[in-house]
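Only heavy atoms go into these numbers, but all of them, side chains included; no hydrogens, no water, no symmetry mates.
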Amino acid sequence: MKQKPENGAKRFVSKKAVTMLSIFIFIVAVGASAFRNDLPEKEIKFNTITRDSVASVQAFEIVYKTLMSPRCMNCHPAGDVPLQGDDSHLHAMGPKRGVDGKGVYAMKCSNCHQETNVAGLHMPPGNPDWHLPPAALKMVFQGKSAHELAKQLVDKKQNGNKDMQKLIEHADDGLVLAGWNPGEGRTLPPVTHAEFKKAWITWLQSGAFAPKK
């Protein structure tokens with residue numbers, strides 16, 4: 001017996017209704033998931049200020065005179081012997097850098113430089129991680145022009161593979177902060193740490209431009 005046309009039409013409508021209902025449920029489910037607050041947040045990316053060569057170079061003037069002060073430069077010598085004193089003479093004890101920057105053989109930096117400053121005039125300053133940059137990454141400040149130092153600081157091959165965010169964080173590194181706590185009888189850097197950090201961040205965020213040679 002042949003099926004009546006109206007029954008086939010009803011079955012077609014029924015299938016169509018089921019399909020439409022499935023699509024509707026899928027849309028509702030997707031929409032609901034968009035409002036869930038337990039989904040992982042997107043990573044917050046570091047934003048930079050608009051590039052401004054004038055502001056960047058002006059900020060680096062403060063950075064440069066700070067890094068070239070004895071409190072910074074003495075631990076960033078051109079050779080493998082650290083510098084000493086406000087006149088940045090070679091260290092009297094003649095210690096050597098060593099592979100890891102912490103000295104060689106029995107003459108280790110930590111033998112004299114304790115975790116904190118030793119009390120007394122011109123006594124050894126201290127820090128738990130006192131060291132020079134390692135031999136493979138010397139990061140020399142001594143003798144560098146402003147142009148040369150600016151280029152070096154942002155070169156990942158010379159700065160320990162630091163991107164902008166890591167460079168900014170480095171302003172609060174323990175040894176960097178030690179420059180503003182050098183012990184009795186030593187001059188401080190030419191600006192406060194807060195002023196240095198502000199200039200450092202401004203220089204980096206506005207393009208890290210290097211002054212002209």
At what distance, to the nearest 0.5 angstrom, does [atom1] of [X] lie from [atom2] of [Y]?
X	Y	atom1	atom2	result
Ile168	Gln165	CD1	CD	5.5 Å
Leu83	Met73	CG	CE	6.0 Å
Lys212	Ser145	NZ	OG	14.5 Å
Cys109	Asp100	SG	CG	8.5 Å
Gln205	Leu167	CD	CG	11.5 Å

If you compare all heavy atoms of [X] against all heavy atoms of [Y], which two are closest, and at what distance to 0.1 Å?
X	Y	result
Glu195	Ile62	O-CG2, 4.5 Å
Asn74	Gly85	ND2-O, 3.1 Å
Ala78	Gln142	N-OE1, 2.8 Å
Gly179	Pro182	O-CD, 3.9 Å
His147	Ala210	ND1-CB, 3.8 Å

Quick check against the 3.5 Å criterion: does [X] have a side-chain atom that pairs as donor or acceptor with the backbone of [Y]?
X	Y	value
Arg97	Gly79	yes
Trp203	Phe209	yes
Glu115	Asn127	no
Ser56	Asp52	no
His113	Gly126	no
Asn159	Leu153	yes
Asn117	Pro124	no

Taken in chain and number order and not counting sequence neighbours, the residues that satisfy salt bridge (charged side-chain N to carboxylate O under 4.0 Å, His left out) with Lys138 are Asp80
Salt bridge (charged side-chain N to carboxylate O under 4.0 Å, His left out) with Asp173: which residues, sequence neighbours excluded?
none
Flag yes if [X] and [Y] sit in one hydrophobic cluster, no otherwise; membership is Ile, Leu, Val, Met, Phe, Trp, Tyr, and two members link when side-chain heavy atoms are under 4.5 Å apart.
X	Y	value
Met164	Leu149	yes
Met139	Val63	yes
Met68	Leu175	no
Val176	Leu132	no

Is any side-chain heavy atom of [X] closer than 4.5 Å to a side-chain heavy atom of [Y]?
X	Y	answer
Pro82	Cys75	no
Trp130	Cys112	no
Trp180	Pro189	yes
His193	Leu177	yes
Val140	Pro77	no
Leu90	Gln84	no
Val81	Lys96	yes

Answer with yes or no after comparing the ring centroid distance for Trp200 and Phe60 against a 6.0 Å cut-off, counting only values under it.
no
How would you list all residue pairs meeting salt bridge (Lys or Arg N to Asp or Glu O under 4.0 Å) that involve residues 183-194, not counting sequence neighbours?
none
Write out all pairs satisfying salt bridge (Lys or Arg N to Asp or Glu O under 4.0 Å) with one or both partners inside residues 143-172, taking only residues at least two apart or from two chains.
Asp172-Lys197
Under the side-chain contact (heavy atoms from CB on, under 4.5 Å) rule, what do Arg71 and Leu188 come out as? Steps first, then yes or no, please.
CA-CA 7 Å; Arg71 301 290 75 79; Leu188 295 174; 5.7 Å; no
Sequence neighbours left out, what pairs pass ring pair (Phe, Tyr, Trp, His ring centres under 6.0 Å) with at least one residue falling in residues 61-97?
His76-Phe141
Which residues pass the ring pair (Phe, Tyr, Trp, His ring centres under 6.0 Å) test with His131, not counting sequence neighbours?
none
